[in-house]
Every structure is written in C-alpha cells, then in structure tokens.
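The block underneath contains the structure these notes are about, expressed in structure tokens.
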Amino acid sequence: MSITLIVHLTDADPIICEVEEMPDLQDQMIKVSNPRLLDGKDLHYIATGVVEVLWPIHRINFIEIMPMDEEEIIGFVRE
C-alpha cells in the first residue's frame with residue numbers, strides 16, 4: 001500500500017507523490033512515484049514519462065503525510 005505525501009522542496013513548488021515506505025532517519029535519498037504539482041500537472045523539470053524519482057533528503061524542507069482513508073479527503077464540489 002502506498003503512502004501519499006506532499007513534499008516541500010527547497011526553492012520549488014510543493015509536489016504530491018507516493019512512496020511505498022517512509023524514509024528512515026539515516027536515509028540520504030527518498031524514492032517517490034508519480035511526482036506532480038498539487039493541481040495534478042506535470043513537473044516541468046522532469047522528462048515526459050518518468051514515474052519514479054530519487055531526491056536527496058537535503059533538498060527537502062519538510063514532508064506532509066496525507067490521510068490513508070480516501071473517503072476523508074474532500075475535493076472541490078460545485079453545487
């Protein structure tokens with residue numbers, strides 16, 4: 001089961017992505033899948049078709065962990 005994260009990179013817009021497991025404290029890199037902007041658009045600095053990226057931990061300011069239960073996530077609704 002993958003974990004959805006919002007990763008705040010240094011000098012870049014935050015991205016949303018998935019990981020299989022959380023990085024350990026001694027890890028120097030984090031492997032993420034399906035990186036994209038918060039609005040779902042592709043990242044302009046990653047080649048087309050790339051689905052996994054390794055980022056060095058020192059480039060990350062902080063990481064937000066999204067809830068596991070997707071029923072709790074409320075999207076944009078127009079009534």
Side-chain angles (χ1 to χ4, degrees):
M1 177 183 253
S2 64
I3 303 166
T4 303
L5 303 176
I6 298 177
V7 179
H8 295 263
L9 300 168
T10 304
D11 298 328
D13 291 331
I15 63 164
I16 192 165
C17 56
E18 290 80 32
V19 294
E20 290 300 318
E21 59 184 37
M22 293 298 293
D24 290 331
L25 294 176
Q26 66 271 15
D27 288 345
Q28 295 182 12
M29 303 285 277
I30 183 172
K31 180 180 179 181
V32 302
S33 301
N34 304 319
R36 58 208 179 273
L37 292 175
L38 294 178
D39 60 4
K41 294 181 181 175
D42 292 336
L43 300 172
H44 69 277
Y45 47 86
I46 294 181
T48 304
V50 172
V51 293
E52 291 187 325
V53 178
L54 289 170
W55 259 294
I57 293 291
H58 75 274
R59 291 261 309 141
I60 297 173
N61 288 333
F62 64 95
I63 297 173
E64 297 179 74
I65 304 168
M66 298 299 290
M68 297 293 273
D69 187 6
E70 293 185 15
E71 292 179 354
E72 293 180 21
I73 300 173
I74 300 172
F76 294 103
V77 178
R78 183 176 180 146
E79 296 183 27

Practice task
Would you indicate whether the side-chain heavy atoms of Val7 and Trp55 approach each other to under 4.5 Å?
Solution key: no

Fill in the blank from the handout: For Met22 and Ile65, the nearest pair of non-hydrogen atoms, with its separation, is CE-CD1, 3.7 Å

Problem - Considering all heavy atoms, the nearest Asp42-Leu37 contact - result: O-CD1, 4.2 Å

Fill in the blank from the handout: Here the pair of heavy atoms bringing Leu38 nearest to Ile16 is CD2-CB, 4.1 Å

Exercise for the section: Taking the side chain as every heavy atom from C-beta outward, state whether Ile60 and Leu9 have any atom pair closer than 4.5 Å. Expected result: yes

Practice task
Compare every heavy atom of Leu54 with every heavy atom of Met29, then report the nearest pair and how far apart it is.
Solution key: CE-CB, 3.7 Å

Exercise for the section: Could you give me the CA-CA distance, side-chain angles and deciding distance for Ile63 and Ile30, then say whether side-chain contact (heavy atoms from CB on, under 4.5 Å) is met? Expected result: CA-CA 11 Å; Ile63 297 173; Ile30 183 172; 4.1 Å; yes

Exercise for the section: Could you tell me whether the side chain of Asp24 and the main chain of Gln26 form a donor-acceptor pair under 3.5 Å? Expected result: no

Practice task
Please check if the side chain of Thr10 supplies one atom and the backbone of Arg59 the other of a donor-acceptor pair under 3.5 Å.
Solution key: yes

Exercise for the section: Look up atom CZ in Phe62 and atom CD1 in Ile6, then write down how far apart they are to the nearest 0.5 Å. Expected result: 9.0 Å

Exercise for the section: Report whether Val50 and Tyr45 are members of the same hydrophobic cluster (ILVMFWY, side-chain heavy atoms less than 4.5 Å apart, transitive linking). Expected result: yes

Handout entry: Minimum heavy-atom distance Cys17-Arg36, with the two atoms named
Key = CA-NH1, 4.0 Å

Problem - Minimum heavy-atom distance Glu20-Ile3, with the two atoms named - result: O-CD1, 4.3 Å

